[in-house]
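Notes to accompany the following structure.
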Amino acid sequence: VPTLARSLNVPDTQTLLLQDELATQADIEEALASWLPKRTGKESVVFFYFGGQALADAKTGEVYLIPYDGTPASSRTRLISLRWLQSRLQKLGAKLTLAVIDTPVSTGAESKDGKARSAAANWTADLGGASGPSAPAVIQITRAQGAPNQPQGLLSGLGGEADLDHDSVITVGEWLRSLRGSSTTVPTLPPTVAVQSIPLVRVTR
């Protein structure tokens, strides 16, 4: 987290780490409902990162993030719904929110009648609208199926590797392009979307 904060030039007062027993469902929901909105304005760029476990409902494909006090067997009401997360991030009204969900996903148990169900995980949820000329409020980045789980996962390129034009600045567009093949981004952004030029990291060489 300190490395990421330095890379993104984020002051400590604007950074919140929830980990282990401090990353319960209540902690995460409180942070998204109270802590984050108080620090977000219309010109803000928000960076949300979740690393852990996720569950796809075997019947519907709906995705749930598993907090510290949850398990794959927990009631869905004890997990963090991806749709709920997306809704909270969209309501921030920020210039741009980057939501990185860097986690494998398991499938829920079979139905009670014993018939196996294998609905595909619905990572898109409510962000599946067609890309338009205006900047989207939320861009979600998830690990592609079968992609290796590297030490720093989807964040590794922010250390400098994503500076594709070698100008010592990593923009949103450069970072997203560096993740091709290892991630899925929704919505898909056309090259002309202005948020792609937003600088994320200034690289020190």
Side-chain angles (χ1 to χ4, degrees), residues 18-20 23-29 31-33 36 46-92 96-132 136-158 172 175-190 193 195:
L18 300 179
Q19 187 175 12
D20 298 333
T24 66
Q25 180 194 31
D27 292 323
I28 296 171
E29 291 182 349
L32 289 164
L36 186 54
V46 176
F47 200 100
F48 174 89
Y49 177 86
F50 179 88
Q53 292 182 303
L55 170 74
D57 187 279
K59 183 177 180 180
T60 66
E62 291 294 301
V63 173
Y64 298 85
L65 309 183
I66 302 177
Y68 179 80
D69 56 344
T71 71
S74 296
S75 165
R76 300 296 184 265
T77 61
R78 302 295 300 164
L79 306 178
I80 305 294
S81 162
L82 183 64
R83 287 187 188 274
W84 180 87
L85 171 65
Q86 292 174 351
S87 174
R88 279 293 175 182
L89 295 177
Q90 288 172 323
K91 287 179 180 178
L92 291 173
L96 175 66
T97 296
L98 297 166
V100 183
I101 314 296
D102 194 0
T103 173
V105 61
S106 59
T107 303
E110 296 180 352
S111 61
K112 292 181 180 179
D113 60 11
K115 296 181 180 179
R117 301 183 186 275
S118 55
N122 180 13
W123 284 109
T124 301
D126 290 334
L127 295 181
S131 300
V138 178
I139 300 174
Q140 179 178 282
I141 304 100
T142 55
R143 189 191 308 171
Q145 185 174 5
N149 183 15
Q150 300 177 351
Q152 292 186 337
L154 299 176
L155 303 180
S156 58
L158 295 177
V172 170
W175 180 52
L176 295 179
R177 287 193 294 275
S178 77
L179 293 174
R180 287 176 180 170
S182 61
S183 73
T184 300
T185 300
V186 291
T188 302
L189 300 179
V193 171
V195 296

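Taken to the nearest 0.5 Å, the CG atom of Asp102 stands 9.0 Å off from the OG atom of Ser182. The distance from the CZ atom of Arg180 to the OG1 atom of Thr185 is 9.0 Å, given to the nearest 0.5 Å. Atoms CD and CG, from Gln140 and Leu82 in turn, are 5.0 Å apart once rounded to the nearest 0.5 Å. Thr24 contributes atom OG1, which lies 8.5 Å from atom CZ of Arg78 (distance to the nearest 0.5 angstrom). Here the CG atom belonging to Leu179 is positioned 10.5 Å from the OG1 atom belonging to Thr184, to the nearest 0.5 angstrom.
When atom types are taken as modelled, the side chain of Thr142 and the backbone of Ile101 share no donor-acceptor pair closer than 3.5 angstrom. At distances below 3.5 Å, at least one donor-acceptor pair connects side-chain atoms of Gln86 with backbone N or O atoms of Thr124.
Test Val46, Val186, Leu127 against Val138 for side-chain contact (heavy atoms from CB on, under 4.5 Å) and you get one pass: Leu127.
Looking at every heavy atom in both residues, Gly181 comes nearest to Ala144 through O-CB, 4.2 Å. For Trp123 against Val63, the heavy-atom pair with the smallest separation is CZ3-CG1, 3.6 Å. The two residues Ala121 and Ala56 make their nearest non-hydrogen contact at CB-CB, 3.7 Å. Residues Arg83 and Asn122 approach most closely at NH2-ND2, 3.3 Å, considering heavy atoms.
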Step by step, work out the side-chain contact (heavy atoms from CB on, under 4.5 Å) result for Val100 and Phe47. CA-CA 8 Å; Val100 183; Phe47 200 100; 3.9 Å; yes
Give the intermediate values and the outcome of side-chain contact (heavy atoms from CB on, under 4.5 Å) for residues Ile141 and Trp175. CA-CA 11 Å; Ile141 304 100; Trp175 180 52; 3.9 Å; yes
From CA spacing to verdict: side-chain contact (heavy atoms from CB on, under 4.5 Å), Leu155, Tyr49: CA-CA 9 Å; Leu155 303 180; Tyr49 177 86; 3.8 Å; yes
Start with the C-alpha distance between Leu89 and Leu32, add both sets of side-chain angles, then the distance that settles side-chain contact (heavy atoms from CB on, under 4.5 Å), and finish with yes or no. CA-CA 8 Å; Leu89 295 177; Leu32 289 164; 4.0 Å; yes
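Proximity of Ile80 to Phe50: side-chain heavy atoms (C-beta onward) are nowhere separated by under 4.5 Å. Put simply, the side chain of Leu65 does not reach to within 4.5 Å of the side chain of Ile28, judged on heavy atoms. Under the 4.5 Å side-chain criterion, counting only non-hydrogen atoms from C-beta, Phe48 is not in contact with Leu92.
Counting only N and O atoms by type, the side chains of Tyr64 and Asp57 include no donor and acceptor under 3.5 Å apart.
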